[in-house]
Amino acid sequence: MSGKILNITNGDAFNRYFLSEFGGDAIPFCEAMMDGDTVYEIYSDDFTSLRASELGVSADEYVSKAHLSKFSALHEYPRLDLWFGKDTFCQMNLLTLLAYLEQVDYRGKVLLNYIDDETFSVIEANISVELGSYNDIYKKILILKENPGEIGVLVRKAVELYFDYHSDNGMLARSVRENSEMNDGELLRLLLEISAEYGLSDIQAQKLIEKYKEK
């Protein structure tokens with residue numbers, strides 16, 4: 001497979017778009033690392049069990065959805081092109097992927113393309129990624145919950161919003177408490193409107209309402 005490129009995208013929607021527009025080899029990175037706990041060794045049995053529980057699926061379903069069989073073939077490709085957004089949801093997934101590439105000692109070329117999640121247009125293209133620091137960043141942010149110094153190709157604002165999202169005094173938590181008079185549907189719409197930089201899903205917004213809405 002000399003010279004072939006594997007595209008790793010930020011999810012099923014963009015992956016379908018990419019394949020329909022450009023073809024080639026592409027697989028989605030299907031996770032939600034912005035939520036829940038994790039362990040250091042990515043895609044280990046402990047990781048798979050923990051993340052499957054967080055996502056509410058069986059371990060077998062997780063393995064299938066995460067395309068682990070395809071990720072095991074990364075070394076067959078001399079180049080990886082990554083396609084991710086700049087919101088917090090995408091950035092925590094990107095961080096996990098970069099840490100995984102270090103853990104499996106991937107030696108090929110890695111290029112990052114930042115895309116708009118809504119329009120799929122490219123914001124920044126062909127950013128060269130130098131692996132070597134992302135294991136430590138992954139550990140600090142997603143395991144130790146510490147704000148790191150250097151963040152490589154990650155977006156600083158997205159990292160800051162990760163900690164804000166998990167804070168009882170963060171913007172989203174305050175918005176829920178301050179608008180507790182709204183019904184859940186109205187509050188859900190409000191959260192989705194103000195959380196574009198977080199990349200919040202309906203499920204995540206509903207969890208915030210359940211946690212912070214004053215009864």
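For clarity, every value in this text was computed on a predicted model and none was experimentally measured.
By the 6.0 Å contact criterion, CG on Asp45 is open, its count of non-hydrogen atoms from other residues, nucleotides or ligands being 12 or less. Counting non-hydrogen atoms of neighbouring residues, nucleotides and ligands closer than 6.0 angstrom, the CD atom of Glu186 exceeds 12 such neighbours. Counted within 6.0 Å of CD on Glu130, heavy atoms from surrounding residues, nucleotides or ligands total 12 or fewer; the atom is thus considered open. Residue Glu181 qualifies as enclosed at atom CD: its count of foreign heavy atoms under 6.0 Å is above 12.
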Could you pull out every donor-acceptor pair under 3.5 Å between side chains of residues 195-208 and any protein atom, sequence neighbours left out?
{"unit_1": "Ser195", "atom_1": "OG", "unit_2": "Leu191", "atom_2": "O", "d": "2.7"}
{"unit_1": "Tyr198", "atom_1": "OH", "unit_2": "Asp164", "atom_2": "OD2", "d": "2.5"}
{"unit_1": "Ser201", "atom_1": "OG", "unit_2": "Ile203", "atom_2": "N", "d": "3.4"}
{"unit_1": "Ser201", "atom_1": "OG", "unit_2": "Gln204", "atom_2": "N", "d": "3.1"}
{"unit_1": "Ser201", "atom_1": "OG", "unit_2": "Gln204", "atom_2": "OE1", "d": "3.4"}
{"unit_1": "Gln204", "atom_1": "OE1", "unit_2": "Ser201", "atom_2": "N", "d": "2.9"}
{"unit_1": "Gln204", "atom_1": "NE2", "unit_2": "Asp35", "atom_2": "OD2", "d": "2.8"}

Which pairs would a plain distance check flag for residues 131-144, meaning a side-chain donor or acceptor within less than 3.5 Å of a matching protein atom at least two apart in sequence or in another chain?
{"unit_1": "Tyr134", "atom_1": "OH", "unit_2": "Val153", "atom_2": "N", "d": "2.9"}
{"unit_1": "Asn135", "atom_1": "OD1", "unit_2": "Gln103", "atom_2": "NE2", "d": "3.0"}
{"unit_1": "Asn135", "atom_1": "ND2", "unit_2": "Glu102", "atom_2": "OE1", "d": "3.4"}
{"unit_1": "Tyr138", "atom_1": "OH", "unit_2": "Thr38", "atom_2": "OG1", "d": "2.7"}
{"unit_1": "Tyr138", "atom_1": "OH", "unit_2": "Val39", "atom_2": "O", "d": "2.6"}

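Aromatic ring orientation, Phe14 versus Phe120: perpendicular (interplanar angle above 60°, classes split at 30° and 60°). Between Phe22 and Phe18, the ring planes lie tilted relative to each other; the angle falls in the 30° to 60° range. Relative ring orientation between Phe71 and Phe29 is described as perpendicular, the plane-to-plane angle rising above 60° on a 0-90° scale split at 30° and 60°.
Side chains of Asp184 and Lys213 form a contact here, defined as non-hydrogen atoms less than 4.5 Å apart. With a 4.5 Å cut-off on side-chain heavy atoms, Ile5 and Asn7 count as touching. Side-chain contact between Phe84 and Val155 is absent, with no heavy atoms from C-beta onward closer than 4.5 Å. Side-chain atoms of Leu101 and Val129, non-hydrogen and from C-beta on, never get closer than 4.5 Å to each other.
Annotation for Tyr162 and Lys145: closest pair OH-NZ, 2.7 Å, computed over non-hydrogen atoms. Scanning both residues, Leu19 and Ala26, for their nearest heavy atoms gives CD2-CB, 3.7 Å. Here the closest heavy-atom approach between residue His75 and residue Tyr106 is recorded as CE1-CA, 3.7 Å. Taking all atoms of both residues into account, the shortest heavy-atom contact from Ala158 to Lys86 is CB-O, 3.5 Å.
No single ILVMFWY cluster, assembled from side-chain heavy atoms under 4.5 Å apart, contains both Leu111 and Leu154.
With 3.5 Å as the limit, one finds no donor-acceptor pair spanning the side chains of Asn113 and Asp81.
Within the structure, the side chain to side chain donor-acceptor pair (under 3.5 Å) test picks out the following pairs touching residues 47-66 (sequence neighbours left out): Asp12-Lys65, Glu31-Arg51, Glu31-Tyr62, Ser58-Glu61.
Between Tyr212 and the options Leu187, Leu172, Val176, a side chain to side chain contact (heavy atoms under 4.5 Å, CB included) holds for only Val176.
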